[in-house]
Number of protein chains: 4
Amino acid sequence: MGARQTKSAGRPRSAGKDAAILRAALELLASHGYTRMSLAQVAAAAGVSKSTIHLRWKTKADLLTAALAAARMVDAPPPSGDTRADLTAILDDFAATVERVRGMALIGTCLAEEAHTPELLALLRERTVLPRRALLCHVLEQARDRGEIRPDADLDAAVSVLLGPFYADYMAGRGGRAGWAEDAVDLVLAGLRPTGP
Amino acid sequence: MGARQTKSAGRPRSAGKDAAILRAALELLASHGYTRMSLAQVAAAAGVSKSTIHLRWKTKADLLTAALAAARMVDAPPPSGDTRADLTAILDDFAATVERVRGMALIGTCLAEEAHTPELLALLRERTVLPRRALLCHVLEQARDRGEIRPDADLDAAVSVLLGPFYADYMAGRGGRAGWAEDAVDLVLAGLRPTGP
Amino acid sequence: MGARQTKSAGRPRSAGKDAAILRAALELLASHGYTRMSLAQVAAAAGVSKSTIHLRWKTKADLLTAALAAARMVDAPPPSGDTRADLTAILDDFAATVERVRGMALIGTCLAEEAHTPELLALLRERTVLPRRALLCHVLEQARDRGEIRPDADLDAAVSVLLGPFYADYMAGRGGRAGWAEDAVDLVLAGLRPTGP
Amino acid sequence: MGARQTKSAGRPRSAGKDAAILRAALELLASHGYTRMSLAQVAAAAGVSKSTIHLRWKTKADLLTAALAAARMVDAPPPSGDTRADLTAILDDFAATVERVRGMALIGTCLAEEAHTPELLALLRERTVLPRRALLCHVLEQARDRGEIRPDADLDAAVSVLLGPFYADYMAGRGGRAGWAEDAVDLVLAGLRPTGP
DNA sequence: AATGAATGAGCATTCATTCAT
DNA sequence: AATGAATGAATGCTCATTCAT
């Protein structure tokens, strides 16, 4: 598996073009939004013709879900064992990634298109949101095992509390606030601290 | 009293049409997004001609910012003095309102359009986000004055922690989770509790 | 005749508004052309409402023919008896008037609209072209009577030769050439000089 | 020889469509004028879709300047060496061409649009007016060389006198007058005849 | 008389998609 | 495989004109 299809007849598809198209599509998706971007722009940016795109993906939605699916947006910072430092590192990486790829516009596009093209939001979740949540959850689990957190704590809820301020700040026009990650981590750890003896 | 305008010349503007147009526009903005909705759809839904819309608002962006500005989306539940109950009530009202007006799609549209029509996000902030944050902040201030919260707590950051899980849950596909508001309130109050003697 | 209609009932039409509207209409006709100008622009420039225009003239074509009809664009310089000087004066006045009222654009509009609104060109002829030709013809007649011109000369054709270079120069991008009038007059007078004994 | 392009990729452009579009565009430009004609009319007349037009020319102005540029409106009658006959032939051909392509309406459109789309008039000059003037000037030069015309005559001015009556006649409603060309030629030749010994 | 509201028709342009080479 | 041609369906916006006050 993972292997190429048994060589089909005719000229093979140019390997690099797929990547170039997907990259251009994702870029434009974030910068212009789903409806405002055009396949002509993607084609121009990727240096191919519009037909070449349609040859590979049937529709605009197909292309963009593929682009989102191909995106690799979560890089796990190496865990150190220090709960506070590890959580903060993950959150800072999250914020940095969002900024780097114009993530809030991308997120907005997926939300805005949810009624019309739900695959976009579904893919965004699967590829970027849930993996990052899993990282955070894993750190919290280890902290719980070490007794730094109440054993009955709802860790998924805690993950939402950790990530949430980022979104809330952005919506309030306070995006990019320094120290937001530490603040969130400290508050969660304080709130979930095991009750006294 | 009432200082009635001395009847302006010409045919008066049909009373309900403004409201019908704005309502239709907001509805479509949430359900289709900025670029996918058309003025023709708004006109049809409101039962007026396209020209009537252009008579009142110069451009599509004008209309939609007006629709957003006219939306009344923050209803303050009466404060009871019970910090936990008051915060939870505000957060629950928030979640209910978002659900009622397809708020996440609307938010998504504003985020997606930020680069192209920043007024949308600006208005959303001014009209809905910041007023609700002010309500929460006010409750927290009173709690601090009563000694329920550390005097040096960063209340704005606390507000983001209160609201944030809503967004984070939605992004994770956990939107509508029961008890999210209580969880967030409890965690914040526990995290900000004054340190004992 | 020429007297006002026997006082009709109701509020009389504002006198100045007619003039203001016609002036604005003519101005815009020259500067934007028939189809590119709008009644809204005329209304704004004249300080009235669009409806006020329609109250007086049924259609756009009606208004513009009226505006053209009202225009007074031929001022006869006083004849001196010197054929050469008189002809030159009329031609120079012609050129000056055309420049002052953006006449070539106006002429172009009337020509362009000939198939669709032939009244425009008809009025332009009647009000401006023919009166000026009559002036020139009169001077030539007197010259002929004085024996400066062959008795069998076709004076109407001569008038066209006098005026023509103005148009031909403009079309060639040589509009405003100094001395064009003298040149034309000299050439015509030389060409029509009575043949010697 | 011929240096044939190495067959470009993709479906080749339908041969006749360019010509059909340009012809239809020029026809409509003359009959309706720039602003009154629509691309939909051009498309219908040429039997193509509107998009096909936009594929080839970016804007309406682009299309119409191209149509004007493609028009071949000056056919040089072969020179015979007889000054009077050659000049008359050129002028008659001029009048015939103008009539054939509804030239006065076209000229009117270019004049009317001068403020808004100056390329139209510029192209008309370059493609039709100036070439014809050059023909006339060439004949006059030869006449001068043969001593039929005063050596100090301003030939460009003479060209304007030759062509001018056509415009002036049209403006006066005397367009199509038989013999106008001969009259103009005779008058010019008489006016420019070398002075006797 | 005068005005502002309201509208239907129309316009240039864009775009995702399909065709023909 | 890859490309350029071709198209039908929108879209935001303008305008002359008619309606209601």
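Quick note on labels: first sequence line is chain A, next is B, and so on, each numbered from 1. FYI, side chains are in, hydrogens and waters are out, and symmetry mates aren't considered; it's all heavy atoms of this structure.
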**OP:** Would you mind pulling out the nucleotide paired to E:dT14, Watson-Crick or G-U wobble, both distances under 3.5 Å?
**Re:** F:dA9

**OP:** Decide, yes or no, whether a salt bridge links A:R13 with A:D18 under the criterion of side-chain N to carboxylate O below 4.0 Å.
**Re:** no

Original post:
Taking only N and O in the side chain of B:R56, is any of them less than 4.0 Å away from OP1 or OP2 of E:dA6?
Top reply: yes

**OP:** Just call it for C:R36: base, sugar-phosphate, or nothing, with non-hydrogen atoms closer than 4.0 Å on any strand.
**Re:** nothing

Original post:
When you match B:K60 and C:L39 each to their closest nucleotide on DNA chain F, which lands nearer the 5' end?
Top reply: B:K60

Original post:
Under 4.0 Å between a side-chain N or O of B:K17 and OP1 or OP2 of E:dG4?
Top reply: no

**OP:** Provide the Watson-Crick or G-U wobble partner of F:dT14, both distances under 3.5 Å; none if there is no partner.
**Re:** E:dA9

Subject >> Nearest-angstrom distance from the residue atom CZ of B:R13 to C1' of E:dA6 >> reply: 11 Å

Original post:
Counting just side-chain N and O atoms, does B:T52 come under 4.0 Å of either OP1 or OP2 of E:dA6?
Top reply: no

**OP:** Could you check how far CG of D:L55 sits from C1' of F:dA6, rounded to whole Å?
**Re:** 7 Å

Original post:
Atom NE2 of A:H54 and atom C1' of F:dA1: how far apart are they, to the nearest Å?
Top reply: 16 Å

Original post:
Between D:Y34 and C:G47, which has a closest nucleotide on DNA chain E that is more 5'?
Top reply: C:G47

Original post:
If we call it a pair only when both distances are under 3.5 Å in a Watson-Crick or G-U wobble match, what pairs with F:dA1?
Top reply: none

**OP:** Check whether any side-chain nitrogen or oxygen of B:S49 sits under 4.0 Å from OP1 or OP2 of E:dT7, and answer yes or no.
**Re:** yes

Original post:
Roughly how many Å is it from CD1 in A:I53 to C1' in E:dT17, rounded to a whole number?
Top reply: 12 Å

Original post:
Has the side chain of C:T128 got a donor or acceptor atom that lies under 3.5 Å from a matching backbone atom of C:R125?
Top reply: no

**OP:** Round to the nearest Å and state the distance from B:K58 atom NZ to F:dC15 atom P.
**Re:** 11 Å

**OP:** Could you state the atom-to-atom distance from CD1 of C:I21 to P of F:dA16 in whole Å?
**Re:** 14 Å

**OP:** Can you see which heavy atom on A:C110 is nearest to which on A:L68, and at what distance?
**Re:** SG-CD2, 3.8 Å

Original post:
Between the side chain of C:Y34 and the main-chain N/O of D:T35, is any donor-acceptor distance below 3.5 Å?
Top reply: no

**OP:** Please name the pair of heavy atoms, one in B:M37 and one in B:K60, separated by the smallest distance, quoted to 0.1 Å.
**Re:** O-NZ, 3.0 Å

Subject >> side-chain N/O D:S38 vs E:dC11 OP1/OP2, d < 4.0 Å >> reply: yes

Original post:
Rounded to whole angstrom units, what separation is found between the CH2 atom of C:W57 and the P atom of E:dA2?
Top reply: 11 Å

Original post:
If you pin D:T59 and C:S14 to their nearest nucleotides in DNA chain E, which one's is more 5'?
Top reply: C:S14

**OP:** Can you tell me the distance, in whole Å, between the CE atom of C:M37 and the P atom of F:dA16?
**Re:** 8 Å

Original post:
With a cut-off of 6.0 Å (strictly less than), are more than 12 heavy atoms of other residues, nucleotides or ligands near CD of A:E27?
Top reply: no

Original post:
E:dT13 base to D:K50 side chain: any donor-acceptor pair below 3.5 Å?
Top reply: yes

